[in-house]
Amino acid sequence: MVEAPSATTADLLPRTVLDRPGPKVAPDLLGCVLEHETADGLVAVVLTEVEAYDGQTDPASHAYRGRTARNAVMFGPAGYAYVYFTYGMHFCVNVVCMPAGTASAVLLRAGKVIAGEDLARRRRSVRSERDLARGPARLCQALGIDRRLDGADLCVPGSPLRLRAPLPAQVGVPPAGERGGGADAANRSGQKALIATGPRVGVREGADVPWRFWLDGEPTVSVYRPWVPRRR
DNA sequence: TTGATGATTCGCT
DNA sequence: GCGAATCATCAAT
């Protein structure tokens, strides 16, 4: 009767890790694994690029102008998925941070597929493996994420959409001994070195804060584009 | 109601 | 490099 869960509680990222401001949480999400289980199968990616949005103090955040029907999940407790639809055709997924009442989130911008590659390829007609989840909308397409997952809990084993703690040697990061320097964060997870930061992609206001984080050297990281006004 | 815009991607030149 | 695709959302009528 009882089915064995695909993930145990110990594998998943503890909600307490997410119960902090987005800009603090964001770099810690690099190297974590996002997985989505559907009737078609499971696809999992290692996160290689993320962006923080700090709620009501951040003019680039969807939560800047207060709570609405769309962004309601961001005002809830940490550890849930905020999925939104944009440009008439794309979905993007965020990890909600901070306790209920405070809106803060991290946009998952890119990842490297480590499981279910066949299924991911079927969902995305694309030639190269690196482009499967290179970009926030591509990542959602590869994983089959849409608005039905808005509000999904990422921190419980029974959820279809889950966030796992970092696995060692999943991304092309050298062993700890060869990295030198700043060892604290690196040692904790085994692969937290080589994190680069810069301004967020495609935002008009708030382009001055370096709240985009990525694993330096990862080919799956999307390219930077500054904001440009759209022609009418 | 209406109108502008967007945390993007893809295809064509 | 440039423009189209395409529609939910929100601020302004």
Side-chain angles (χ1 to χ4, degrees), chain A residues 18 21-27 29-30 34 45 47-75 80-98 103-113 120-152 154 161 163 196-214 219-232:
Chain A
L18 305 173
K24 299 280 188 195
V25 172
L29 290 182
L30 295 174
L34 181 71
V45 301
L47 299 176
T48 58
E49 181 189 2
V50 298
E51 276 178 3
Y53 288 85
D54 204 19
Q56 299 196 261
T57 64
D58 178 6
S61 171
H62 287 173
Y64 184 56
R65 287 162 212 284
R67 178 179 182 140
T68 65
R70 174 171 74 153
N71 66 26
V73 173
M74 261 203 283
F75 288 81
Y80 290 80
Y82 165 49
V83 181
Y84 67 89
F85 183 66
T86 190
Y87 287 103
M89 64 191 89
H90 296 304
F91 296 100
C92 296
V93 62
N94 293 248
V95 176
V96 172
C97 302
M98 296 292 282
S104 191
V106 176
L107 170 70
L108 307 182
R109 285 199 58 91
K112 174 184 169 65
V113 175
R121 276 183 187 281
R122 261 177 277 141
R123 288 174 171 152
R124 288 193 34 73
S125 52
V126 71
R127 307 144 192 79
S128 71
E129 180 190 336
R130 72 139 54 170
D131 286 343
L132 279 176
R134 191 191 198 200
R138 291 165 166 181
L139 184 146
C140 282
Q141 199 182 358
L143 288 173
I145 294 173
D146 62 26
R147 272 252 294 271
R148 286 172 298 187
L149 290 164
D150 188 36
L154 300 169
L161 190 63
L163 195 53
T197 72
R200 294 170 292 184
V201 174
V203 300
R204 178 166 41 170
E205 299 181 89
D208 49 332
V209 290
W211 283 353
R212 176 178 179 235
F213 303 83
W214 66 93
T220 52
V221 173
S222 57
V223 295
Y224 177 72
R225 273 179 306 94
W227 176 82
V228 284
R230 279 215 296 157
R231 246 203 45 145
R232 292 240 358 163

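Lettering follows sequence order; numbering is per chain, from 1.
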Of A:P136 and A:W227, the one whose closest DNA chain B nucleotide lies more 5' |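 Nearest nucleotide further toward 5': that of A:W227.
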On DNA chain B, check which nucleotide each of A:V126 and A:A63 is closest to and give me the residue with the more 5' one.
->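 Result of the comparison: A:A63.
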Does B:dA7 have a Watson-Crick or wobble partner in any strand here, with both distances under 3.5 angstrom, and which is it?
-> none
Nucleotide paired to C:dA12 in any strand shown, Watson-Crick or G-U, under 3.5 Å = B:dT1
To the nearest angstrom, how far is [X] atom [atom1] from [N] atom [atom2]?
X	N	atom1	atom2	answer
A:R65	B:dT5	CZ	P	13 Å
A:F91	B:dG6	CZ	C1'	15 Å
A:R70	C:dC7	CZ	C1'	12 Å
A:N71	C:dT9	CG	C1'	10 Å
A:E49	B:dT8	CD	C1'	13 Å
A:H62	B:dG6	NE2	P	10 Å
A:M89	C:dT9	CE	C1'	15 Å
A:Y224	C:dG1	OH	P	15 Å

Nucleotide nearest [X] (side chain, heavy atoms from C-beta), chosen from [options]:
X	options	value
A:R138	B:dA7, B:dT9, B:dG6	B:dT9
A:A137	C:dC10, B:dT9, C:dC7	B:dT9
A:R204	B:dT8, B:dG6, B:dA7	B:dG6
A:R124	B:dA7, C:dC7, B:dC10	B:dC10

[X] and [Y]: which non-hydrogen atoms are nearest, and at how many Å?
X	Y	answer
A:S61	A:G55	CB-O, 3.4 Å
A:E129	A:V113	OE2-O, 4.2 Å
A:L139	A:A110	CD1-C, 3.5 Å

Do we count A:F85 as stacking onto C:dA8 if the rule is ring centres under 5.5 Å and planes under 30°?
-> no
So, does the side chain of A:Y84 form a donor-acceptor pair with the base of C:dA8 at under 3.5 Å?
-> no
Picking from A:L108, A:L47, A:V25, A:L34, what satisfies side-chain contact (heavy atoms from CB on, under 4.5 Å) with A:V95?
-> A:L108
May I ask you to decide whether A:R147 forms a salt bridge with A:D150, counting only side-chain N to carboxylate O separations under 4.0 Å?
-> no
Give a yes or no on whether a salt bridge exists between A:R200 and A:D58, defined as a side-chain N under 4.0 angstrom from a carboxylate O.
-> yes
Does the side chain of A:T68 get closer than 4.0 angstrom to OP1 or OP2 of C:dC10 through an N or O atom?
-> yes
Any side-chain N or O of A:R230 under 4.0 Å from OP1/OP2 of C:dA4?
-> no
Comparing nearest nucleotides in DNA chain C, the 5'-proximal residue of the pair A:H90, A:R147 is A:H90
